[in-house]
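Note that this is a predicted model, so its numbers are computed, not measured.
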Amino acid sequence: FITPKSRASQLLRDATLQLAEHASFARKLVNSGRLSTPTPYLDSALNTPDESVFAGNMAPGTNCADAPVQADGRAGWLLNHLPKGFSVLVFDAGGAPGLGGQSVRAGAIEAPVLRVGSDLADPEGLLELRYDGQPGTTYLVRPDQHVAARWRAFDRDKIQAAIARCCAHR
């Protein structure tokens with residue numbers, strides 16, 4: 001609405017904005033789209049600090065970037081495939097055998113493991129690019145779809161400690 005894609009859309013936008021100045025019913029027609037972004041919590045006590053160098057913006061405390069994926073041959077989006085609770089995203093490229101369909105338990109919390117390369121395909125390479133997803137790279141994702149921690153290798157003990165850290169600060 002704010003950035004029309006055609007001349008007709010621009011005419012509709014301009015007319016709606018002019019009418020909305022004087023007619024309250026027209027104000028409901030104003031659709032500004034998504035002008036806000038999730039707040040990053042870079043200094044949160046919930047975050048486990050990085051141990052390695054990463055490229056890109058997916059630092060602990062940031063909201064997960066979405067990307068097109070395929071699961072079971074069907075196109076979809078990463079965020080729609082994340083479970084409601086904690087989850088572990090592993091860029092395995094075949095390098096993390098035995099993790100598919102498993103989970104990491106930390107006390108009463110269970111975090112399913114999703115493997116990019118087997119559970120989820122990254123047909124456009126955007127997921128790998130946005131997450132600096134080198135083989136073995138592992139992300140712990142909080143229930144609010146923010147990054148809690150990330151490592152260059154899957155380590156069950158570190159994941160359990162990061163989950164415990166998040167839960168201790170709720």
Side-chain angles (χ1 to χ4, degrees), residues 31-170:
N31 177 4
S32 61
R34 185 169 180 209
L35 297 178
S36 63
T37 58
T39 301
Y41 302 104
L42 299 176
D43 297 319
S44 172
L46 302 177
N47 302 338
T48 297
D50 284 338
E51 299 174 349
S52 303
V53 175
F54 286 83
N57 298 325
M58 294 292 90
T62 60
N63 59 296
C64 291
D66 212 356
V69 296
Q70 287 184 348
D72 298 324
R74 284 183 250 143
W77 292 90
L78 170 66
L79 297 182
N80 293 334
H81 287 281
L82 295 177
K84 296 204 180 298
F86 284 94
S87 59
V88 180
L89 187 66
V90 180
F91 290 82
D92 67 349
L99 291 180
Q102 292 193 13
S103 60
V104 175
R105 285 186 94 32
I109 305 294
E110 186 171 351
V113 175
L114 296 171
R115 293 186 310 166
V116 177
S118 42
D119 299 321
L120 298 174
D122 183 15
E124 297 177 32
L126 287 176
L127 189 61
E128 180 181 331
L129 179 68
R130 291 175 181 167
Y131 286 77
D132 191 14
Q134 300 170 20
T137 298
T138 302
Y139 280 80
L140 174 63
V141 179
R142 296 187 333 218
D144 63 357
Q145 296 185 340
H146 279 69
V147 174
R150 60 186 178 171
W151 305 272
R152 286 295 181 196
F154 181 89
D155 185 314
R156 190 172 300 276
D157 292 336
K158 289 180 181 180
I159 296 167
Q160 289 169 331
I163 292 171
R165 178 186 186 118
C166 285
C167 293
H169 293 283
R170 287 198 278 181

Under the side-chain contact (heavy atoms from CB on, under 4.5 Å) rule, what do R150 and T137 come out as? Steps first, then yes or no, please. CA-CA 7 Å; R150 60 186 178 171; T137 298; 5.6 Å; no
Please evaluate residues V104 and L140 with respect to the criterion side-chain contact (heavy atoms from CB on, under 4.5 Å), reporting the C-alpha separation (whole Å), side-chain torsions for both, the decisive distance (0.1 Å), and the verdict. CA-CA 10 Å; V104 175; L140 174 63; over 6 Å; no
Item to complete: Verify the neighbour count for atom CG of N80: are there more than 12 heavy atoms of other residues, nucleotides or ligands below 6.0 Å?
Response: yes
Rounded to the nearest 0.5 Å, the CG atom of L82 sits from the CH2 atom of W77 at a distance of 13.5 Å
Those residues at least two apart in sequence (or on a different chain) that pass ring pair (Phe, Tyr, Trp, His ring centres under 6.0 Å) with F86 are none
Taken to the nearest 0.5 Å, the spacing of R115 CZ from D119 CG works out to 5.5 Å
Counting only N and O atoms by type, is there a donor-acceptor contact under 3.5 Å from the side chain of S52 to the main-chain atoms of D50? no
Of all heavy-atom pairs linking H81 and G76, the shortest is NE2-CA, 4.4 Å
Closest non-hydrogen contact found for A45 with R165 is O-NE, 3.0 Å
Distance col, row R156:CZ vs R105:CZ, nearest 0.5 angstrom, shows 11.0 Å
When every non-hydrogen atom of A71 is compared with those of L120, the smallest separation belongs to CB-CD2, 3.9 Å
- Message: Can you tell me how the ring of Y131 sits relative to the ring of F91, calling it parallel under 30°, perpendicular over 60° and tilted otherwise?
- Response: tilted
d(S87 OG, Q145 CD) to nearest 0.5 Å is 8.0 Å
**Prompt:** Would you call D132-R152 a salt bridge at under 4.0 Å N-O?
**Reply:** yes
Q) Under 3.5 Å, is there a donor-acceptor pair between the side chain of D157 and the main chain of A161? A) no
Shortest non-hydrogen pair, P123 vs P68, comes out as CD-O, 4.0 Å
Sorted by chain and number, sequence neighbours left out, side-chain contact (heavy atoms from CB on, under 4.5 Å) with N57 holds for none
The reported gap from CD in E51 to CG in D155 (rounded to nearest 0.5 angstrom) is 8.0 Å
The reported gap from OG1 in T39 to CG in D144 (rounded to nearest 0.5 angstrom) is 11.0 Å
Closest non-hydrogen contact found for A111 with I163 is CB-CD1, 4.0 Å
Got a donor-acceptor contact below 3.5 angstrom from the R130 side chain to the D66 backbone? yes
Counting only N and O atoms by type, is there a donor-acceptor contact under 3.5 Å from the side chain of N47 to the main-chain atoms of P49?
-> no
What one should report as the nearest heavy-atom pair of A149 and T48 is CB-CB, 3.5 Å
Sorted by chain and residue number, the ring pair (Phe, Tyr, Trp, His ring centres under 6.0 Å) partners of Y41 (sequence neighbours excluded) come out as H146
